[in-house]
Amino acid sequence: MAKIRALSIVVPLGLVLLTTASPAGAYIIEALTSISADEAVDKPTLEKAIRAAVADVAAHAVAFTPTVVSLREAKLVGDRIYLFVLLADAAGEAEIEVLKAASARPSLDRR
């Protein structure tokens with residue numbers, strides 16, 4: 001009897017949460033990946049390795065289809081090149097533009 005009572009409370013609560021919850025408006029993610037520094041033999045080989053690593057992140061690290069994929073920074077640490085990759089969907093791309101516009105505006109310094 002206790003199981004039925006608990007189930008009768010949990011199921012309606014779950015339905016309420018499912019019907020009132022809304023998905024996120026925008027997705028913006030910064031991911032970290034790395035490649036071996038040995039792949040930096042020459043510029044074409046390095047570019048190919050970076051493109052492959054970024055494509056791998058875009059395909060496997062996020063659960064949305066990115067419309068923006070940007071290599072933000074690369075750092076050599078030891079024998080690895082660490083790549084900081086920004087990924088965003090269409091709504092996230094719009095949010096990035098809003099942030100850029102807001103940071104470009106001069107701020108009023110009131111003292």
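The analysis underlying the following values was restricted to heavy atoms, covering all of them including side chains, and did not include hydrogens, waters or symmetry mates. Starting from 1, each residue takes its place in the sequence as its number.
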Checklist entry - To the nearest 0.5 Å, what is the distance between CD (Glu30) and CD (Glu73)? => result 8.0 Å
Next on the checklist: side-chain contact (heavy atoms from CB on, under 4.5 Å), that's the test. Do Val85 and Val69 meet it? Break it down for me.
Outcome noted: CA-CA 7 Å; Val85 183; Val69 178; 4.0 Å; yes
Item to check | Straight-line distance of Leu32 CG to Arg72 CZ, nearest 0.5 Å | outcome: 14.5 Å
Checklist entry - Below 4.5 Å, heavy atoms only, C-beta onward: do Ile50 and Leu46 meet side chain to side chain? => result yes
Checklist entry - Are any non-hydrogen side-chain atoms of Ile96 and Ile28 less than 4.5 angstrom apart? => result yes
Checklist entry - Could you state the interatomic distance from OG1 (Thr33) to CD1 (Ile81), rounded to the nearest 0.5 Å? => result 11.5 Å
Checklist entry - Hey, does the side chain of Thr45 reach the backbone of Val41 with a donor-acceptor pair shorter than 3.5 angstrom? => result no
Item to check | Rounded distance [0.5 Å steps], CG in Leu83 versus CZ in Arg51 | outcome: 12.5 Å
Item to check | Sidechain-backbone polar pair: Ser34 side chain, Tyr82 backbone, donor-acceptor under 3.5 Å | outcome: no
Checklist outcome for this item: Output for pair (Ile35 CD1, Leu76 CG), nearest 0.5 Å, gives 10.0 Å
Item to check | Side-chain donor/acceptor of Asp89 to backbone N/O of Tyr27, under 3.5 Å | outcome: yes
Next on the checklist: Within a 6.0 Å radius of atom CZ on Arg80, are there more than 12 heavy atoms belonging to other residues, nucleotides or ligands?
Outcome noted: yes
Next on the checklist: Just so I know, are the side chains of Leu71 and Leu86 near enough to count as touching, which here means a heavy-atom distance under 4.5 Å?
Outcome noted: no
Checklist entry - Shortest non-hydrogen contact from Ala26 to Ala91? => result CB-C, 3.6 Å
Checklist entry - Considering all heavy atoms of both residues, which atom of Ala31 and which atom of Leu87 are nearest to each other, and what is their separation? => result CB-CD1, 4.1 Å
